Amino acid sequence: MGIKGERKIATTDEKSNRGPWQDVDEADWQDWRWQVRNRVRTEKLLDELLKDAPEISRLRRTVIRTYPFAVTPYYFSLMKPRDAGDPIRLQCIPDPRELTFSLGGVEDPLEEGRDMPLPGLIHRYADRCLAMVTHSCMMYCRHCNRKRFWKAGRAEKARLGAMIDYVAATPGIREVIVSGGDPLTLPEAVLDSFLGALRAIPHVEVLRLGSRVPVVLPMRITPSLVRMLRKHRPLWFNTQFNSPRELTKEAALACRRLVDAGIPLSNQSVLLRGVNDTCETMRELLYGLQRISVRPYYLFACDPVRGADHFRVDLWKGMEMMERISRSTSGLCVPRYVMDVPGGKGKMPLQTFSLLNDSFLP
Ligand code: SF4
């Protein structure tokens, strides 16, 4: 399946951005299995690719011991590797500040553990629950609010079975959010069977799937995967584009495949210092999402999670930015700016009351 008029062969310019992978055969590059096999996962390779000063490399090694890393060649190729402030690099390369910069972050700021009737299943609101079907990801996003689980790996089959039994025995649950980690790291057959078992429960009306794969490994959204997912509709797909630089032609194709299959696609960005915390960048991201049929749904304030404090943006700064954007941008492009209130108290909208307080902006 291809997009009409889309180039099948990468141009020299596109290939030259691929750094050490520029001679890789195009068919391999577009093959998600090749991408997974060739993820950057060793300190040695990372040092070779980044060519940072030895002191930076040494500090990075200490971070990796606590918070591992993995980056697909595709996502790596979007980066300007020598620029420490590059928004792609910030999201995927271990940073010494993960250990040294802390404003009091905690491992589980949303206290998800408090609402787990069984391992991996969060049941906080009566009508829905969230199933963490794996702790594996294609890429480990440095701002992740579940980085405490990164070393835990995949949920075993018995655990998935227990989740299904719990949902079946709880008639109030009408929606199940399938999350992780990234559920699209599961073997297709396992995910198919899990979604099918949930779909067979009469009171489960809607499934929601959260995955960053369209952003970090868009070639994984294959026609075969989409055929499997569409069997389980109504299925809502939430992803997380944070930078306009992530809106590549590969990502656009992945999103189009999902949308064409009748799977609505929404975006839940995180407001991240140095990545998307200016009006210009945020507007570019929102316009770009709309162009590829992805609805900007939420913009989350970065949670006070240990190891990600350096990404946090002042709440007022975020409110002012989103106020400016909402005054000059089509409503379809404007996500709800919210914070997850620490302690599991739910989402709180962050907005200025512009009618009452029109003098808020200069
Ligand atoms: S894909 Fe999601 S769960 Fe995985 S590291 Fe990124 S934000 Fe965290």
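Numbering of ligands and ligand atoms starts at 1, following listing order. Counting from 1, the numbers follow the sequence of the chain as shown. These figures come from a predicted structure and were not determined experimentally.
Every atom of ligand 1 is numbered from 1 in the order shown, and the set under 4.0 Å from a heavy atom of Gly181 is 3 (S). Applying the 4.0 Å criterion to heavy atoms of Trp150 picks out, from ligand 1, the atoms 5 (S).
With a 4.5 Å cut-off on side-chain heavy atoms, Ile177 and Ile122 do not count as touching. Between Phe311 and Arg97, every side-chain heavy-atom pair lies at or beyond the 4.5 Å cut-off.
Taking the six-membered ring where tryptophan is involved, the planes of Tyr67 and Trp150 are perpendicular, since the angle between them exceeds 60° and thus also 30°.
Looking only at protein heavy atoms, the nearest one to atom 1 (S) of ligand 1 is Arg212 CB, 3.7 Å.
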Subject >> From CA spacing to verdict: side chain to side chain contact (heavy atoms under 4.5 Å, CB included), Ser326, Gln351 >> reply: CA-CA 10 Å; Ser326 64; Gln351 59 190 83; over 6 Å; no

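Not one N, O or S atom of Cys137 sits under 2.8 Å from atom 8 (Fe) of ligand 1.
Counting heavy atoms under 4.0 Å from ligand 1, residue Cys141 touches it through both backbone and side chain. Residue-level proximity to ligand 1 for Lys147 is absent, since no heavy atom of it falls below 4.0 angstrom.
A side-chain donor from one of Arg146 and Ser179 sits under 3.5 Å from a side-chain acceptor of the other.
Within 6.0 Å of the CH2 atom in Trp236, the count of heavy atoms belonging to other residues, nucleotides or ligands does not exceed 12.
Taking a distance limit of 4.0 Å, we find that atom 8 (Fe) of ligand 1 is approached by some protein heavy atom.
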